Amino acid sequence: MNRRQLLSLAASLPLACRSTQLWAAPQAGTRLLLVFLRGGLDTHHLLVPVGSDFYYRARPNIAIGRPGKDEHSAIGLDSYWGLHPVLVQSLVPMYVRKQLALVPFAGTDDESRSHFETQDSIELGQPLGSSRNFQSGFMNRLAQRLSASQPIAFTDQVPLSMRGKREVSNFALRSIGKPAVDARQSALIAGMYTNTKLAAAVNDGFGVREEVMRQLADEMNDSARGALPAKGFEVEARRIGRLISAEFNLAFLDIGGWDTHVGQGAATGYLANRLEELGRALAAFADEMGPRWNDTVVVVISEFGRTFRENGNRGTDHGHGTAYLVLGGQVRGGRIAGDQHEIEESTLHQNRDLPVLNEYRAVLGGLFARLYGLNATDLGVIFPDTKPKDIGLV
């Protein structure tokens with residue numbers, strides 16, 4: 001299916017999504033994969049608020065254009081939301097098939113905007129403000145409530161979310177990415193100014209740039225916590241698909257590289273490349289699952305979103321609310337799910353980022369109840385002091 005056909009189908013979705021169809025309970029044998037994007041995904045590159053004039057004022061250099069202008073424009077999902085254009089061949093077909101739902105204004109009530117604190121609080125799934133048990137993650141507690149679960153983590157070490165009384169296998173997939181700074185290019189440019197009056201200034205400039213970029217690269221690497229880089233993820237996604245299809249039914253995977261303070265790009269550039277890689281990988285995973293895709297749910301989350309306004313380096317800084325993706329053959333997709341409102345300057349959280357209207361523990365609790373038929377006691381163990389919120393994801 002080409003781009004024009006996909007755009008035509010996507011344009012008809014708002015009417016198609018107003019179905020009153022009743023959904024049956026999921027079949028036994030459900031497979032669940034949680035994908036954690038470490039570093040803080042910029043929600044507004046993935047799920048673009050094309051109906052917000054404020055969005056285009058707040059991001060004069062990195063906004064994604066409104067649908068219909070050219071191939072660099074957002075893919076319209078309805079009158080207010082669109083997807084990044086690099087996802088036209090990967091996630092848009094899933095949306096058209098109603099196998100992808102997006103949940104904006106999602107996240108945790110943790111307002112620290114710290115990668116590590118927020119990642120930890122999400123993976124533990126314990127009430128904020130209480131003492132933390134770092135040997136009890138919510139995915140492990142879920143595995144304990146499912147008698148037939150076969151959990152696995154595709155990580156170097158068992159992540160916090162999978163730690164607990166239930167034994168969990170882990171299988172490392174990490175590969176080494178390219179350095180953040182291209183020293184060869186810097187040396188070539190500096191060489192052009194050798195024996196000129198500008199030589200010292202150019203060399204000093206590259207030295208400062210290299211130090212700044214090194215510090216930013218260090219932060220990105222730190223925020224990733226050893227997670228698999230997005231580049232090359234498509235091949236690994238197929239391997240994961242084969243393993244989950246054959247044996248495991250509860251899995252965790254993390255992907256780093258989403259901390260975009262500088263040079264984020266717009267329709268093209270660094271983050272566009274990461275999103276394209278992510279979309280291709282998710283599509284490859286679905287393809288590898290074969291018939292098992294109909295019994296599979298993939299939830300993609302990040303610790304927080306980014307600031308709504310771009311910064312002076314044409315990037316974005318640590319934010320609050322983000323957007324989740326929920327994919328699978330049994331997902332009620334083709335729609336934007338959960339509580340939401342228009343994005344204006346007056347509706348920003350602390351005048352800088354999105355509020356959280358769909359708290360992750362409540363949303364996941366509602367999803368787990370529908371997927372597995374869990375009762376209030378089960379859900380209270382998985383997410384203590386949380387009322388499940390069923391937003392009809394399955």
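For clarity, every value in this text was computed on a predicted model and none was experimentally measured.
Panel note: side chain S73, backbone P67; no donor-acceptor pair is recorded below 3.5 Å. The closest donor-acceptor contact from the side chain of E123 to the backbone of S161 lies under 3.5 Å. Within the 3.5 Å criterion, the main-chain N or O of T347 finds no donor-acceptor partner in the side chain of E344. Between the S245 side chain and the R242 main chain, no donor and acceptor come within less than 3.5 Å of each other. Side-chain atoms of D339 never come within 3.5 Å of backbone atoms of N358 as a donor-acceptor pair (strictly under, hydrogens ignored). T43 places a side-chain N or O within donor-acceptor distance of the main-chain N or O of A323, the cut-off being under 3.5 Å.
With a 6.0 Å cutoff to the six-membered ring centre and a 45° limit on the axis angle, R38 counts as a cation-pi contact of F36. With Y95 as the aromatic partner, R97 does not meet the cation-pi criteria of under 6.0 angstrom to the ring centre and within 45 degrees of the ring axis.
A salt bridge between D42 and R59 is present, with a side-chain N of the basic residue lying under 4.0 Å from a carboxylate O of the acidic one. Using a cutoff of 4.0 Å between basic side-chain nitrogens and carboxylate oxygens, R370 and D390 are scored as salt-bridged. No salt bridge links D385 with R361; every basic N to acidic carboxylate O contact stays at or beyond 4.0 Å. With respect to R280 and E234, a salt bridge is recorded, a charged nitrogen being found less than 4.0 Å from a carboxylate O. Between R145 and D378, at least one side-chain N (NZ, or NE/NH1/NH2) sits under 4.0 Å from a carboxylate O, which counts as a salt bridge.
Using bins of under 30°, 30° to 60° and over 60° for the plane-to-plane angle, the ring pair F304/H318 lands in the tilted bin.
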Begin from the C-alpha positions of L250 and M139 and carry the test side-chain contact (heavy atoms from CB on, under 4.5 Å) through to its verdict. CA-CA 8 Å; L250 187 61; M139 290 285 282; 3.9 Å; yes

Verify side-chain contact (heavy atoms from CB on, under 4.5 Å) between W81 and L102, making sure each step is shown before the conclusion. CA-CA 10 Å; W81 299 106; L102 297 108; over 6 Å; no

Step by step, work out the side-chain contact (heavy atoms from CB on, under 4.5 Å) result for N140 and Q135. CA-CA 9 Å; N140 194 285; Q135 297 303 317; over 6 Å; no

Show your working on ring-ring contact (aromatic ring centres under 6.0 Å, His included) between Y360 and Y324 and close with a plain yes or no. CA-CA 9 Å; Y360 84 103; Y324 294 167; 7.5 Å; no

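Note that CG of L348 is 7.0 Å distant from CG of L354, once rounded to the nearest 0.5 Å. Between the CG atom in N311 and the CG atom in D317 there is a gap of 4.5 Å [rounded to 0.5 Å]. Taken to the nearest 0.5 Å, the CD atom of E359 stands 8.5 Å off from the CZ atom of F383.
In this structure, F171 places its CZ atom where only 12 or fewer heavy-atom neighbours from other residues, nucleotides or ligands lie under 6.0 Å away. In this structure, E167 places its CD atom where only 12 or fewer heavy-atom neighbours from other residues, nucleotides or ligands lie under 6.0 Å away. Enclosure of atom CZ in R352 by more than 12 non-hydrogen atoms of other residues, nucleotides or ligands within 6.0 angstrom is indicated.
Of the listed residues (D353, N351, T316), just one forms a side chain to side chain donor-acceptor pair (under 3.5 Å) with R309, and that residue is N351. Shown are I64, L46, L91; of these, the side chain to side chain contact (heavy atoms under 4.5 Å, CB included) with H84 is made only by I64.
Checked against the 6.0 Å centroid threshold, F252 and F154 do not count as a close aromatic pair.
No side-chain heavy atom of K98 sits less than 4.5 Å from a side-chain heavy atom of R332. Using a 4.5 Å cut-off on side-chain heavy atoms (C-beta onward), L367 and V299 make contact. Residues V298 and L34 are not in side-chain contact: their nearest non-hydrogen atoms beyond the backbone lie 4.5 Å or more apart.
Put simply, L83 and Y56 are part of the same group of oily side chains (I, L, V, M, F, W, Y) that touch within less than 4.5 Å, one to the next.
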